[in-house]
Amino acid sequence: MSIAGILIAVAVVAAIGLFIGIFLGIASNAFKVEVDEREEQILAVLPGNNCGGCGYPGCSGCAAAIVKGEAPVNACPVGGADVGAKVGAIMGVEAGESKRMVAFVKCQGDCEKTHEDYNYTGQKDCQMIAYIPNQGPKSCNSGCQGFGTCEKACPFDAIHIVNGVAVVDKEKCKACGKCIAVCPRHLIELVPYDAPFAVACSSASRGPQAMKECTASCIACSMCAKNCPAEAVTVENMHAHIDYEKCIGCGTCVQKCKRGSIVSH
């Protein structure tokens with residue numbers, strides 16, 4: 001190739017590069033998305049776990065929602081009150097009080113309290129429970145089967161299978177809700193960190209059957225509800241429930257429960 005041909009090729013490539021550069025520069029300005037600087041500031045103070053516990057797609061989604069006024073400044077359950085206060089300062093509002101919540105497994109059906117109807121050797125995934133014979137090998141069809149789907153879902157190593165049943169370490173729990181979302185039997189709920197007691201049973205079986213299925217099952221006798229001085233305990237779907245807004249922590253429900261279905265938290 002002659003020197004002239006090489007120079008022409010270089011000139012053409014340089015011209016194309018210059019044109020593309022100018023075009024991209026103009027396009028970037030034309031289609032530039034303005035980001036509120038508060039959104040970036042909030043994102044900087046959020047934990048960065050991207051767990052989705054706030055109900056938005058990751059920390060960036062949470063920050064955007066806060067700036068738009070679609071979420072409160074203390075929307076992040078992982079960051080808690082400290083992060084809420086920092087976000088409130090950025091937004092120029094008071095964060096307000098936020099009660100720390102933790103996950104709690106409403107079941108005590110471990111290997112001692114319940115028994116297995118058969119030896120299950122298939123895939124251990126709670127999402128497959130509806131396709132497993134008798135909806136799981138354990139005698140209680142309302143309780144935890146101990147397959148560990150919640151344990152795998154927890155990003156904070158706060159829930160483990162202990163003796164065949166899921167147990168939450170409330171010191172590690174950040175109330176992100178991942179375990180709640182994957183439990184097909186809805187055995188996990190958020191309760192106040194400082195809740196004195198909790199109902200550790202979700203049995204939907206009537207008394208005689210519930211007693212056969214688990215030695216710690218609630219039999220819906222209603223003694224806890226009848227004797228609660230604050231009317232904080234009710235019995236629904238054959239097991240007790242505690243209204244923590246009403247609970248005064250007197251312990252009467254625990255004393256009256258002869259089955260041990262209500263436990264210290």
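Values below: all heavy atoms of this structure, side chains included; hydrogens, waters and symmetry mates excluded.
- The shortest non-hydrogen separation linking C218 to S261 is N-OG, 3.1 Å.
- Summarising the local packing, NZ of K170 is surrounded by more than 12 heavy atoms from other residues, nucleotides or ligands at distances under 6.0 Å.
- Under the 3.5 Å distance criterion, the side-chain polar atoms of Q108 are left unmatched by any main-chain donor or acceptor of V263.
- Contact between P229 and T252 at its shortest, heavy atoms only, is CD-OG1, 4.0 Å.
- By the 4.5 Å heavy-atom criterion applied to side chains, D169 and I159 are not counted as neighbours.
- The two atoms that bring E39 and S60 nearest to each other are OE2-O, 4.3 Å, heavy atoms only.
- By the 6.0 Å contact criterion, NZ on K124 is open, its count of non-hydrogen atoms from other residues, nucleotides or ligands being 12 or less.
- Although no hydrogens or angles enter the test, the distance criterion places a donor-acceptor pair under 3.5 Å between the side chain of H239 and the main chain of S203.
- A 6.0 Å sphere centred on CD of E94 holds no more than 12 heavy atoms belonging to other residues, nucleotides or ligands.
- Among all heavy-atom pairs drawn from V165 and C144, the shortest one is CG2-CB, 3.7 Å.
- More than 12 heavy atoms of other residues, nucleotides or ligands shown are found within 6.0 angstrom of CD on E236.
- Under a cut-off of 6.0 angstrom, the local environment of NZ in K172 is crowded, with over 12 non-hydrogen atoms contributed by other residues, nucleotides or ligands.
- At a cut-off of 3.5 Å, with distance as the only test, no side-chain donor of R185 or S142 sits close to an acceptor on the other residue.
- In terms of modelled atom types and a separation under 3.5 Å, the side chain of N50 and the main chain of C59 share a donor-acceptor contact.
- Distance CG/L46 to CD/Q41: 12.0 Å, rounded to 0.5 Å.
- Hydrophobic clustering keeps F156 apart from I188 (ILVMFWY residues linked when any side-chain heavy atoms are closer than 4.5 Å, directly or through intermediates).
- Between the SG atom in C221 and the CE atom in M238 there is a gap of 10.0 Å [rounded to 0.5 Å].
- In this structure C126 satisfies the side chain to side chain contact (heavy atoms under 4.5 Å, CB included) test together with F147, T149, P184, sequence neighbours excluded.
- Taken together through direct or relayed side-chain contacts under 4.5 Å among Ile, Leu, Val, Met, Phe, Trp and Tyr, V199 and M101 form parts of separate hydrophobic clusters.
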Derivation and outcome, side chain to side chain contact (heavy atoms under 4.5 Å, CB included), residues Q145 and Y120: CA-CA 11 Å; Q145 295 294 318; Y120 177 69; over 6 Å; no
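- Distance alone, capped at 3.5 Å, places no donor-acceptor pair between the E213 side chain and the N141 backbone.
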Check against side chain to side chain contact (heavy atoms under 4.5 Å, CB included), C176 and N49: CA-CA 10 Å; C176 70; N49 295 96; over 6 Å; no
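- Residues that satisfy the side chain to side chain contact (heavy atoms under 4.5 Å, CB included) test with M91, not counting sequence neighbours, are R38, I42, I66, V67, V73, V87, V93.
- Counted within 6.0 Å of CZ on R100, heavy atoms from surrounding residues, nucleotides or ligands total more than 12; the atom is thus considered enclosed.
- Across D157 and H160, no two heavy atoms sit closer than the pair OD1-NE2, 2.6 Å.
- I180 has its side chain within reach of L190: a pair of non-hydrogen atoms, C-beta onward, lies under 4.5 Å apart.
- To the nearest 0.5 Å, atoms NE2 (H115) and SG (C140) are separated by 10.5 Å.
- Listed for the Y118 side chain is no donor-acceptor partner under 3.5 Å among the backbone atoms of N134.
- Exactly one of Y193, F104, F197 qualifies for a ring pair (Phe, Tyr, Trp, His ring centres under 6.0 Å) with H265. That residue is F104.
- By the 4.5 Å heavy-atom criterion applied to side chains, S217 and S205 are not counted as neighbours.
- Nearest approach of P155 to K178, heavy atoms of both residues: CD-CG, 3.9 Å.
- I262 and V191 fall within a single hydrophobic cluster, where Ile, Leu, Val, Met, Phe, Trp and Tyr are joined by side-chain heavy atoms under 4.5 Å apart, directly or via other members.
- Clustering ILVMFWY residues whenever any of their side-chain heavy atoms sit less than 4.5 angstrom apart, transitively, puts I161 in a cluster other than the one holding V105.
- Under a cut-off of 6.0 angstrom, the local environment of CD in E231 is sparse, with at most 12 non-hydrogen atoms contributed by other residues, nucleotides or ligands.
- Of the possible donor and acceptor atoms, one in the side chain of K138 sits under 3.5 Å from a partner among the backbone N and O of G109.
- With rounding to the nearest 0.5 angstrom, the CE atom of M223 is 12.5 Å from the SG atom of C228.
- Using a 4.5 Å cut-off on side-chain heavy atoms (C-beta onward), H186 and K106 make no contact.
- Remark: K258 NZ to Q255 CD distance equals 8.5 Å, nearest 0.5 Å.
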